[in-house]
Protein chains: 2
Amino acid sequence: MALEPRYDPVMTDDTQEPGTVRPGGRTARTRTAVLRAAGDALAEHGIDHLDLADVARRAGVGKTTVYRRWGTLTNLVADLLADMAEQSLPRTETGRLLDDLLANARLVRRTLADPRQGALFKAMIAAATCDPNTADALHHFYAVRIDEWAPCVQQAIDRGELPGDTDPHEVIRAVSAPLYYRLLNSGEPLDDAAAERAARAAAYAAEAGAYRRPGPGAGTVTRIGSPSGTAGQVP
Amino acid sequence: MALEPRYDPVMTDDTQEPGTVRPGGRTARTRTAVLRAAGDALAEHGIDHLDLADVARRAGVGKTTVYRRWGTLTNLVADLLADMAEQSLPRTETGRLLDDLLANARLVRRTLADPRQGALFKAMIAAATCDPNTADALHHFYAVRIDEWAPCVQQAIDRGELPGDTDPHEVIRAVSAPLYYRLLNSGEPLDDAAAERAARAAAYAAEAGAYRRPGPGAGTVTRIGSPSGTAGQVP
DNA sequence: TCGTTAACGGTTCTTCAGTTCCATTACGAT
DNA sequence: ATCGTAATGGAACTGAAGAACCGTTAACGA
């Protein structure tokens, strides 16, 4: 249903997304209110039995607006994730790898163990399994978070505590992974002991060279020597 | 569920679940067909945009039957998980901890990297975030799977490769966790290198005592000494 | 083999998530 | 300040998920 081509000074691209031409003032307020409401609603009910009308009501916004700007629930979650990725929390810095990893593990644990935040993360992860765009948003969110913490591993490498070709991101991910496994898969309690174990395990494994990047000539199982200690004897 | 206490010929307990009184023949066939169809449908579409009518059609079964016996999608997933928990796959046994963990990691990796199985697990985990019963079913499923593999860690303990108070289940969970983290959170590829790293990291960390059960007098950070090697120097 | 009735399946009905329509508001360029 | 229109919000509409109804089929005890 294209408009007649003649005398079309603007080449009206009617695929223009709402909220992009006048992003200030009311539009921005609406987005803030809706994202906040979406977070609350997601935390209370899961990803299903949750209609956008309820989100609109909480946000004090017409449901038409929500449907027009986000369309689907997964799009809304994707936008929420993009928003959360921008809000970075400051990272502690102790100068000791294990302490840094412990701080990270405890931060993650506290977040996931919190009723609201934990439920919210569950819901966002569930939403990401339903839609590629939302999955990308989730992956980006974690990429940003991991990036923020990777430097403390790099510093440990620089101090000579870890092998030089250790992948810092992989170490940080290794701290979070067991905690998310408890949250989503096994259902074991997310207590402080779990956080401590996650941090210790990552530190020990990194120390032993488990997170070294595969070398250029790493065809088969490259035998790696731990730079300090003999943990590499496990095999 | 006792039979009627004489002279109440019916005492019709209408909370009787369908499929419990005549569980054989057609009823069992229906359940098998529906669970299979549910798995297929879940793998293709996610947990949302998936109606039970589609499942019924695939199973060659009236949609009324699906609604009557399972009611909600999450109930169906819970039943699917209970069914899957009973089908145990045989575990390899090599006699070396790292090889056993590698076998486990590669099995998990292959499962999650497989398009159908990976999507199915994603969907089931997502469903578990929406409903407590489904969550219980998922936790039970993993408890069974972890139980199956824990003995190989116990054997390593018996051989003296690991500290005596190592928690075998925790070690096995540690192998899976990074792979699920990739599947659900970070989106990094589930390649064989990831499986190998997961197995090595778990083995090294276990070796270093990261998965020792908290002792009776473990108030604060109990300093643990690695039984073989000096990986404990990380702190 | 037979009878009872649990369980199934087709049809119809109801409800509500999501869409469309249009009047109103207020952003932002001039 | 003024104007054009992007963006919003209420109301009416629609299609499909899921419940209700009831006749049919077959499990299982005798």
Side-chain angles (χ1 to χ4, degrees), chain A residues 1 3 8-35 37-38 41-42 45-77 79 127 130-131, chain B residues 1 3-4 9-35 37-38 41 45-77 79 130-131:
Chain A
M1 55 152 62
L3 297 182
D8 183 7
V10 248
M11 177 66 95
T12 37
D13 186 0
D14 54 2
T15 60
Q16 192 81 275
E17 294 294 312
T20 56
V21 178
R22 290 179 183 175
R26 180 171 58 169
T27 300
R29 274 196 305 279
T30 298
R31 178 169 181 253
T32 303
V34 170
L35 290 186
L42 274 178
H45 323 94
I47 189 74
D48 65 345
H49 31 84
L50 171 63
D51 61 327
L52 298 189
D54 179 50
V55 173
R57 207 174 311 116
R58 289 166 184 257
V61 157
K63 76 167 181 171
T64 311
T65 299
V66 177
Y67 279 110
R68 181 169 32 225
R69 283 188 60 182
W70 289 278
T72 69
L73 191 86
T74 50
N75 283 343
L76 182 55
V77 174
D79 198 21
C130 301
D131 174 68
Chain B
M1 174 169 305
L3 294 186
E4 79 280 7
V10 253
M11 176 62 103
T12 35
D13 187 359
D14 54 4
T15 61
Q16 190 82 275
E17 293 294 312
T20 56
V21 179
R22 292 179 183 176
R26 181 170 58 168
T27 300
R29 274 197 305 280
T30 298
R31 178 168 181 254
T32 304
V34 169
L35 290 186
H45 324 95
I47 189 74
D48 64 344
H49 32 82
L50 172 63
D51 61 326
L52 298 188
D54 179 51
V55 174
R57 207 175 310 119
R58 289 167 184 257
V61 157
K63 77 168 182 171
T64 310
T65 299
V66 177
Y67 278 110
R68 181 170 32 226
R69 283 187 61 181
W70 288 278
T72 68
L73 192 85
T74 51
N75 283 345
L76 182 54
V77 174
D79 197 23
C130 301
D131 175 69

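The basis for the numbers below is simple: all heavy atoms, side chains too, and nothing from hydrogens, waters or symmetry mates. In the text below, chain A, chain B and the rest are named by the order of the sequence lines, each starting its count at 1.
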Can you tell me how far [atom2] of [Y] sits from [atom1] of [X], rounded to the nearest 0.5 angstrom?
X       : Y       : atom1 : atom2 : result
A:His49 : A:Asp54 : NE2   : CG    : 12.5 Å
A:Asp48 : A:Leu73 : CG    : CG    : 9.5 Å
A:Arg31 : A:Leu76 : CZ    : CG    : 10.0 Å

Requested in this report: Evaluate side chain to side chain contact (heavy atoms under 4.5 Å, CB included) for A:Arg26 paired with A:Thr30, printing each intermediate quantity in order.
Outcome: CA-CA 6 Å; A:Arg26 180 171 58 169; A:Thr30 298; 4.1 Å; yes
I need the [atom1]-[atom2] distance between [X] and [N], as an integer number of Å.
X       : N      : atom1 : atom2 : value
B:Asp48 : D:dA17 : CG    : P     : 13 Å
B:Arg69 : D:dA27 : CZ    : C1'   : 13 Å
B:Leu52 : C:dC8  : CG    : P     : 14 Å
A:Leu76 : C:dG18 : CG    : P     : 12 Å
B:His49 : C:dA17 : NE2   : P     : 18 Å

Query raised in the report: Which nucleotides of nucleotides 22-30 of chain C have their base under 4.0 Å from a protein heavy atom (B), which only their sugar-phosphate (S), and which neither (-), written as one string 5' to 3'?
Result: ---BBBS--
Query - N/O (side chain, B:Tyr67) to phosphate O (OP1/OP2, D:dA19) under 4.0 Å - result: no
Where is the tightest heavy-atom contact between [X] and [Y], given as atom of each residue plus distance?
X       : Y       : value
A:Pro18 : A:Arg68 : CG-O, 3.7 Å
B:Arg58 : B:Ala37 : CB-CB, 3.6 Å
B:Ala59 : B:Ala33 : CB-O, 3.6 Å

Report task. For B:Thr20, answer base if it contacts any base atom (sugar-phosphate contacts may also be present), sugar-phosphate if it contacts only those atoms, and nothing otherwise; contact means non-hydrogen atoms under 4.0 Å. Result -> sugar-phosphate
Requested in this report: Assign B:Gly71 to base, sugar-phosphate, or nothing according to its heavy-atom contacts below 4.0 angstrom with the strands shown.
Outcome: nothing
Requested in this report: Give me the residues of residues 54-66 of chain B where at least one heavy atom lies under 4.0 Å from an atom of DNA chain D, by number, or none.
Outcome: B:Lys63, B:Thr64
**Report entry** For A:Val55, the option from A:Leu35, A:Leu42, A:Val34 that meets side-chain contact (heavy atoms from CB on, under 4.5 Å)
**Finding:** A:Val34
Query raised in the report: So, are A:Asp79 and A:Arg69 salt-bridged, with charged N and O less than 4.0 Å apart?
Result: no
